[in-house]
Amino acid sequence: MPELPEVEVVRRGLSRWTVGSTVRAADVLHPRPVRRHVAGPEDFAVRLVGARVREVARRGKFLWVVLDGVAAEDDLPGAERPGAEGAALVVHLGMSGQILFQPPDAAPERHLRVRLQLDGGPPERAGRELRFVDQRMFGGLTLAALVPTADALPAGIGTASAALPFPVAHIARDALDPHLDLADLVRRMRRRRTGVKRALLDQTLVSGVGNIYADEALWRARLHYDRQTGTISPAALRGLLGHVGDVMTEALAAGGTSFDALYVNVNGESGYFDRTLAAYGREGLPCPRCGTPIRREAFMNRSSYRCPRCQRPPRRPREVLRSSVA
DNA sequence: CCCGGATCCTGCTGGC
DNA sequence: TGCCAGCAGGATCCGG
């Protein structure tokens, strides 16, 4: 389940393998992963051929490959926006997406969806092809124009440009972005009339946080997932966001220590970092802080893990009281 | 505009 | 042994 740290590991691998290379051929084996490319799989493949990789950037869980020489850039989504310039291949891993580099004659993976043949680039990487493998196909690839952001700061990690791909333009700066405006984020979170975990998972407030790291940060902050954001002090919210950054930084370091930075195990065990998790996936196991068994609860059509002692439910879990009285 | 629930996908697991 | 419900969970869409 790729969240920010896993996606950043993939970004670094992609960058090392592809910067400077040119797409010789593109092959879409299943239409679904390119569904966001409204012009269709054929258009997607045709336009990529001849494109050259300039850099690989990331914001939250979105990756994009900045490309030179994409045919008919003026037709790409977002190209009509004022100041739009250039093109990018946008990659989202969804739940089960992987980027792999393989010899072209290697047996196709069971869930191989898209393959790109590359020419040039780093000499020691020559001859490999890029493969997008995705079992559940929640993720995908698309081509889009780069559009200006509201300010002149770099748009994301790995880019010096202030432009974002059109489909990424609504995504907030992520928890590890040095240009994240923490005070503004705290203000916006407190204005929301919703639970704190919902707010953490809202990619338009702060991006990159998924179910695992949300639960871990809430455990560290001793907060229940359903605490209304407006009832949490600014200092406590800053503390929570500090834990979000810490847990992701630690996870990224653990991913970086593994043998092959390109391999992210998204279907099986999380690998190195999962031994460090305090709450997520630990139903019935003792809380590392107080020993109380961790509880799993259904929340937002998924699971939340918390310590029932360290993370007490709010006194007024919802706003139901107010509306029913009124 | 804001909020929250439904939806899309496939494969695995566990209960009966 | 087979069948089916439940679960995994990203982003997006849509109704209130």
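Just so you know, these numbers use all the heavy atoms, side chains as well, and skip hydrogens, waters and symmetry mates. Since the structure is predicted, the reported quantities are computational estimates derived from the model, not experimental observations.
Spacing between atom CG of A:D215 and atom C1' of C:dG10 amounts to 15 Å, rounded to whole angstrom units. Straight-line distance from the OH atom of A:Y213 to the C1' atom of C:dG10: 15 Å, rounded to whole Å. Per the geometry, CG belonging to A:L93 stands 16 Å off C1' belonging to B:dC9, to the nearest Å. A:Q98 has its CD atom 20 Å from the P atom of B:dC9, to the nearest Å. For the pair A:R110 CZ and B:dT10 P, the computed distance is 11 Å after rounding to whole Å. Per the geometry, CD belonging to A:E297 stands 18 Å off C1' belonging to C:dA8, to the nearest Å. Per the geometry, CG belonging to A:N211 stands 8 Å off P belonging to C:dA8, to the nearest Å. The distance between atom CD of A:E3 and atom C1' of C:dA8, rounded to the nearest whole Å, is 13 Å.
Counting heavy atoms from C-beta outward, A:L200 and A:L241 have side chains that approach closer than 4.5 Å. A:L223 has its side chain out of reach of A:K197: every pair of non-hydrogen atoms, C-beta onward, lies at least 4.5 Å apart. When side chains are defined from C-beta on, A:V23 counts as touching A:L118, because their heavy atoms get closer than 4.5 Å. With contacts defined as side-chain heavy-atom distances shorter than 4.5 Å, the pair A:R282/A:Y305 does not qualify.
One finds a side-chain N or O of A:H92 lying less than 4.0 angstrom from the OP1 or OP2 phosphate oxygen of C:dA11. Between A:R198 and B:dG4, a side-chain N or O to OP1/OP2 separation shorter than 4.0 Å is present. For the OP1/OP2 pair of B:dC2 and a distance below 4.0 Å, the side-chain nitrogens and oxygens of A:R193 include no atom meeting the criterion. For B:dG11, the OP1/OP2 oxygens have no side-chain nitrogen or oxygen of A:S96 closer than 4.0 Å. Not one side-chain nitrogen or oxygen of A:Q203 sits closer than 4.0 Å to the OP1 or OP2 atom of C:dG10. Taking side-chain N and O atoms only, A:R32 has no distance below 4.0 Å to OP1 or OP2 of B:dT10. Not one side-chain nitrogen or oxygen of A:T194 sits closer than 4.0 Å to the OP1 or OP2 atom of B:dC2. Side-chain nitrogen and oxygen atoms of A:R35 include none within less than 4.0 Å of the OP1 or OP2 phosphate oxygen of B:dT7. Contact check, A:H30 against B:dC9: no side-chain N or O comes under 4.0 Å of OP1 or OP2.
Within 4.0 Å (heavy atoms only), A:G210 reaches sugar-phosphate atoms of the nucleic acid but no base atom. If you check every strand for non-hydrogen atoms under 4.0 Å, A:R113 touches nothing.
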Expected rows: protein N/O vs nucleotides 12-16 of chain C N/O, under 3.5 Å:
unit_1, atom_1, unit_2, atom_2, d
C:dT12, OP2, A:H170, NE2, 3.0

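Among the nucleotides B:dT10, C:dC7, B:dC8, the one closest to any side-chain atom of A:F138 is B:dC8.
Note on ring orientation: taking the six-membered ring where Trp is involved, the planes of A:F101 and A:W17 are parallel (angle under 30°, cut-offs 30° and 60°).
A:R12 has a carboxylate O that lies under 4.0 Å from a charged side-chain N of A:E8, or vice versa, which qualifies the two as a salt bridge.
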**Prompt:** Which is it for A:M248 and A:D174 under the side-chain contact (heavy atoms from CB on, under 4.5 Å) test, yes or no, and what are the steps along the way?
**Reply:** CA-CA 11 Å; A:M248 288 190 161; A:D174 64 57; over 6 Å; no
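Nearest approach of A:N211 to A:L201, heavy atoms of both residues: N-CD2, 3.9 Å.
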